[in-house]
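All values derive from a computational prediction rather than experimental measurement. Throughout, protein chains are lettered first and strands after them, A, B, ... in sequence-line order, and every chain is numbered starting at 1.
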Amino acid sequence: MANSELKSDNLFEMMKGHLKTDAGKELIKKIGLVYQINIAPKKIGFNEVSYIVDLKKGEVTKGQYEGGKPDATFSFKDDDFIKVATGKMNPQIAFMRGAMKIKGSLSAAQKFTPDIFPKPAKM
Amino acid sequence: MASSSSSGLTFKLHPLVIVNISDHYTRVKSQMNPPQTSSSSSSAANNNSSNGVEHQAPRVYGCVIGVQRGRTVEIFNSFELLYDPSTHSLDRSFLEKKQELYKKVFPNFYILGWYSTGGDAQESDMHIHRALMDINESPLYVLLNPSINHAQKDLPVTIYESELHVIDGIPQLIFVRSSYTIETVEAERISVDHVAHLKPSDGGSAATQLAAHLTGIHSAIKMLNSRIRVLHHYLVGMQKGDIPCENSLLRQVSSLLRRLPAIESEKFQDDFLMEYNDTLLITYLAMFTNCSSTMNELVDKFNTAYDRHSRRGGAACAVPGSSSSSSNPLGALANALIGSSSKTQERLKEIPTAAAATSQTQLYPLAGDPVAALPGSELDRPFLQSTAQGSEFIRGFRTADDNGLADAWDEIQRQPHFDHVYDASPAPPIQPTLDGPPQRVLSSFLHSFVDSSRSGIPLHPTPLPLLGLSKGDKQCIRDRSSIMARHFFADRSEEFINAQVNALLSSLEIDNDIHVRGPIPGRFRELEDYWNESQGMLKPGAHAADRWANEFSQHTAQHGDPDAWAHSFELQHGAAGWASEFEQEQAQLTSVDQMGGGNIANLAAIEQTRMLAHTLSQNDDPKFQNSKFLQFVSKMSRGELMIDDNQFKPASGSWATEYQQQYNTGATWADEFVHDEVFRGPDQWVSEFATERVQQEPVDDQWVNEFSKLHVDDWVEEFGRQVGEGALGDSSSDNWANAYDEFLNEQVAAKQRSDASRGVYVFSDMNPYVGHPNPLKEGQELFRKGLLSEAVLALEAEVMKNPENAEGWRLLGITHAENDDDQQAIAAMMRAQEADPTNLEVLLALGVSHTNELEQAAALKYLYAWLRHHPKYGTLAPPELADSLYYADVARLFNEAAQMSPEDADVHIVLGVLYNLSREYDKAIASFKTSLKLKPNDYSLWNKLGATQANSVQSADAILAYQQALDLKPNYVRAWANMGISYANQGMYEESIRYYVRALAMNPKADNAWQYLRISLSCASRNDMLEACDSRNLELLQKEFPL
């Protein structure tokens, strides 16, 4: 495991499993959109890693989206993404601060809330 | 065929019918294309071309409707009919349908007959006429002759009746002409008026329409006049006996004439005069207002032009007194109106771009003042126009020999401001209340002085009657005249000027001895003073209104009575208009100043900015407010970012640098906000930002000041207000408000948190255990009892007392970890590690906490350190590996260790944590299960197992594990919180809320739990409890969600 690994990787790994559970299926029913999330280690726009959170099919994949255009694309710094996903930071706050950048449909972006992400339990 | 009718019916025709027929005819004619003329209706005309109807002219047919009362037939209206060429008659079914429709609208109207167009009634018309006889037994036939005969004065309309005559032994229906009168009702008069006013061009303005109307009235009156003259001639002739006396005619004439004096009464005369005078006065007032506004414009333009000139010339103080006109419309108007124009012209000549003004239009011929010329007229087209209008008007005014007019004029002249206008040479203004002879004398004398300046004729001292000028007045006159003279006689020698001034002064009995200072070659001292004074006032900074006030008060001091002016000006412009006008002028001036600075691009930007600012300021839309607010929010948020980056400093200096950075690197954040369509007015925002940027470019410091002035509280209020107004947008406004609340909370906690994440332990305030004799023991006791929050306080007291107590720190760290506060746990553990770098428990705890925080590199480091410092396995770990840790290496080493001593639970624990890091949850679960067999009573181990299971999407199993942990340690906050997470991840939000609330009841400081609780609340659609969550109202939450 390299040091450059992102914290967000863990979350997306969890997400993969989470979407297969009943709660995850509920999400797919509720949202039904495809998000692309770009995670940058230090600064938005640099060395970004893209994740596709497909809440239509219930898949999380790393890399560019194959099936056309995602409904909305978000760009985060690694830390900020964790904050947003764990509810430490409200997406709106993140947006206001410039910690989150949005491309694409705004209505799709508004459905992007922390509750689509599973919460990591702590040891 | 047609003779006068004998039926004795009286026909009253309403104009509407004529208009209708004419309209119908015009419509048909214009719709008809020449090749189609032979079709339908025109064929009738062609057949009867012998009747003088034009070949191309179509015939139109329709029905006339109205009422018949006794012997009076009133034709009110008409409707169109279709001509049926096959039967050479009218389309009967169509007629019946129409009749029915009209019956509904006008139930009183009957079909009286029909109409058509043409020169005369024709034989074929009888055919149609007969056809109508079953509707009305004696229909009438209205014929309109569309061919215009200019010689004919009567209406080209004839009404025919049909009469049965026996001609040649055969009874025949023939048309007979009937006389008719035109009747109108009010509505028709209006419409006829309207039609009469319609101009063919239709592009006429109100003025041309008025002119047309007046021309119409004029010609009508002329006609009346000529008719009366005819009557007069006739009567005179009859009196002389040239024409035989005819009583019936005389009676008619007398009855006609009796109607004429109806408008010849005293009251009428009075009213008429009053009206006339009022109109004239209003016209005059309008003209005057126009004049003064153009005057203002001229002054503006002049100032602009002059300022530019003086900047270019680099002369700081060019022509003395110029600012008196630049900032003082009173003086400017007086200057413009009176002879000081020479100086203005002089200056205009100096302006390279503005051609010298030479055309001088007489504005006030009445005043007979040759110096009343306006300078720079061609600078300003509307100005010239209005001047011409004005003079024309005045001329008209003069020539009008109406008494009332003269009175009015006199009255006007007595208006105070008129005195100013006419007499306001630079002499002291004449008090309107003292409109006596001395003022008149003085004024005319001063005029002659000014005149002399024009002609260049030396002024001779003239004995004048005692004027009774005060000393102040005299001094004023002396000063002003000296200055004026210098301008008038700029091309003359100094002696000439002095002679002129002296002549004036001696005539006015002004003691030249007061004139101690004497004319200094080049410039006057007073002049300079005046110049400086007004220059100073021109300097930007003071508010425009204030400046005006200053200026005004100054003039009050100087002139004595500017009130009249103030009034008149206020009348013309309104106080507000005055201020705004000045502001505009000011804006122009400043922009010109900037232009003088040189940078063209800058100038354009500034100009644009000004315009933008102007438009924005005019926009009372909440969007604007909103955008302003948003701008501020973003500024703030920028600042907040710094807090997150652990660089927060309260000093405003850092804000400034931040801002500058922001400015230099990122115009992008304007773009960023453009994307935000949640805001209703992002465009405004962006433009506003642009505005701000341009404005602030030179004055970044200003921004800092501005910012330091703004307290967080202010914008809390502002935010509240915005939300209150709903300006932030429909559904999202709540979100925003909440977001903001959260943001505030964060802000409060920010410093704390930033310290903690930096690894600095943050102590609680108001620790009751400080001063406790043995806080460590107390802490251990509390920890054992499970009172974690209390234990934290006790242990804090301990480590404050003994900062090197590794055990104290370690326990504190563990307590925090169990209390679900990893940041503090890490901080405490780091202190413990400092105190005792090789404590295995500390290292393990650090590894676990960093794993929880998803900080893999740090976690790996501590886990490796654990291995290295383990007395048993330390040999396995080569120290050189510590610098570049790879997960695979570490995992391999631990596996080796586990093989070395499979009975050591700790190795398995570490291995489990390690597998957690690499997300090999199955292996991790296996490791924890192995160690649990060895250590079944380790509640933290059960929790670790549960957490791992939860993270590997086995939430149901995780709950069992947590349950084990909680059985062992009921106050294990972390386990409670983890329970909540597991339930939440399974979508059982209600359950999860209960566990979160339970965890929070034990440790209200567990931020994570609060955040998760919030998410669960919103997922469970319990938005009603969000407020309780945000305000951390545990009591309410516990009551609502008991476990």
Side-chain angles (χ1 to χ4, degrees), chain A residues 1-11 13-27 30 44-45 77-80 82-83 86-107 109-110 113-123, chain B residues 633-634 637-638 640-641 644 669 672 675-678 732 735-736 738-739 742-743 746 820 822 848 851-857 860 885-888 913 916-919 940 943-944 946-948 950-953 955 958 974 977-978 981-982 984-987 1007-1008 1011-1012 1014-1015 1018-1019:
Chain A
M1 189 168 75
N3 286 358
S4 63
E5 191 125 335
L6 299 167
K7 293 182 197 178
S8 313
D9 293 345
N10 275 306
L11 215 68
E13 279 303 317
M14 271 178 71
M15 188 84 184
K16 280 181 190 172
H18 179 62
L19 287 178
K20 291 187 175 66
T21 64
D22 289 345
K25 281 172 185 140
E26 200 64 29
L27 276 176
K30 204 174 90 189
I44 290 175
K77 277 199 302 185
D78 193 21
D79 289 343
D80 290 333
I82 294 294
K83 280 182 190 163
T86 56
K88 281 198 186 99
M89 190 165 28
N90 183 310
Q92 266 124 4
I93 294 266
F95 180 75
M96 280 207 279
R97 290 179 179 180
M100 174 171 84
K101 297 195 178 193
I102 304 176
K103 256 188 236 164
S105 151
L106 207 84
S107 60
Q110 284 201 313
T113 50
D115 44 271
I116 64 172
F117 295 101
K119 311 296 167 292
K122 298 208 168 168
M123 293 184 289
Chain B
V633 165
S634 45
S637 67
R638 286 288 149 189
E640 246 337 273
L641 271 183
D644 281 345
W669 70 283
E672 178 185 318
H675 294 305
D676 183 18
E677 290 155 56
V678 175
S732 55
N735 289 346
W736 285 106
N738 293 337
E742 229 171 279
F743 174 60
E746 268 181 77
D820 208 25
D822 275 302
V848 170
T851 309
N852 284 340
E853 293 294 296
L854 305 168
E855 288 157 0
Q856 287 143 348
L860 211 54
L885 287 169
Y886 285 98
Y887 170 77
V913 175
N916 255 305
L917 266 182
S918 65
R919 299 188 294 269
S940 76
N943 179 58
K944 284 185 175 70
T948 311
N951 288 348
S952 69
V953 207
S955 291
R974 170 148 290 173
N978 278 340
I981 291 170
S982 281
N985 283 352
Q986 288 180 79
D1007 284 341
N1008 277 337
Q1011 285 143 11
Y1012 292 155
R1014 197 171 197 289
I1015 294 171
S1018 66
C1019 286

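- Nearest heavy-atom pair, B/I981 versus A/K119, reported as atom, atom and distance to 0.1 Å: CG2-O, 3.3 Å.
- Within the 4.5 angstrom heavy-atom criterion, only side-chain atoms of B/T851, from C-beta onward, approach chain A.
- The salt bridge (Lys or Arg N to Asp or Glu O under 4.0 Å) check on B/D820 picks up B/R974, with sequence neighbours excluded.
- The greatest number of non-hydrogen atom pairs below 4.5 Å with chain A, out of B/A947, B/G987, B/S952, B/S940, is found for B/A947.
- In this structure, A/Q92 CD and A/R97 CZ are separated by 13.0 Å, a value rounded to the nearest 0.5 Å.
- In this structure, the side-chain contact (heavy atoms from CB on, under 4.5 Å) partners of B/S1018, at least two apart in sequence or on a different chain, are A/D115, B/N1023.
- For A/L27, no part lies under 4.5 angstrom from a heavy atom of chain B.
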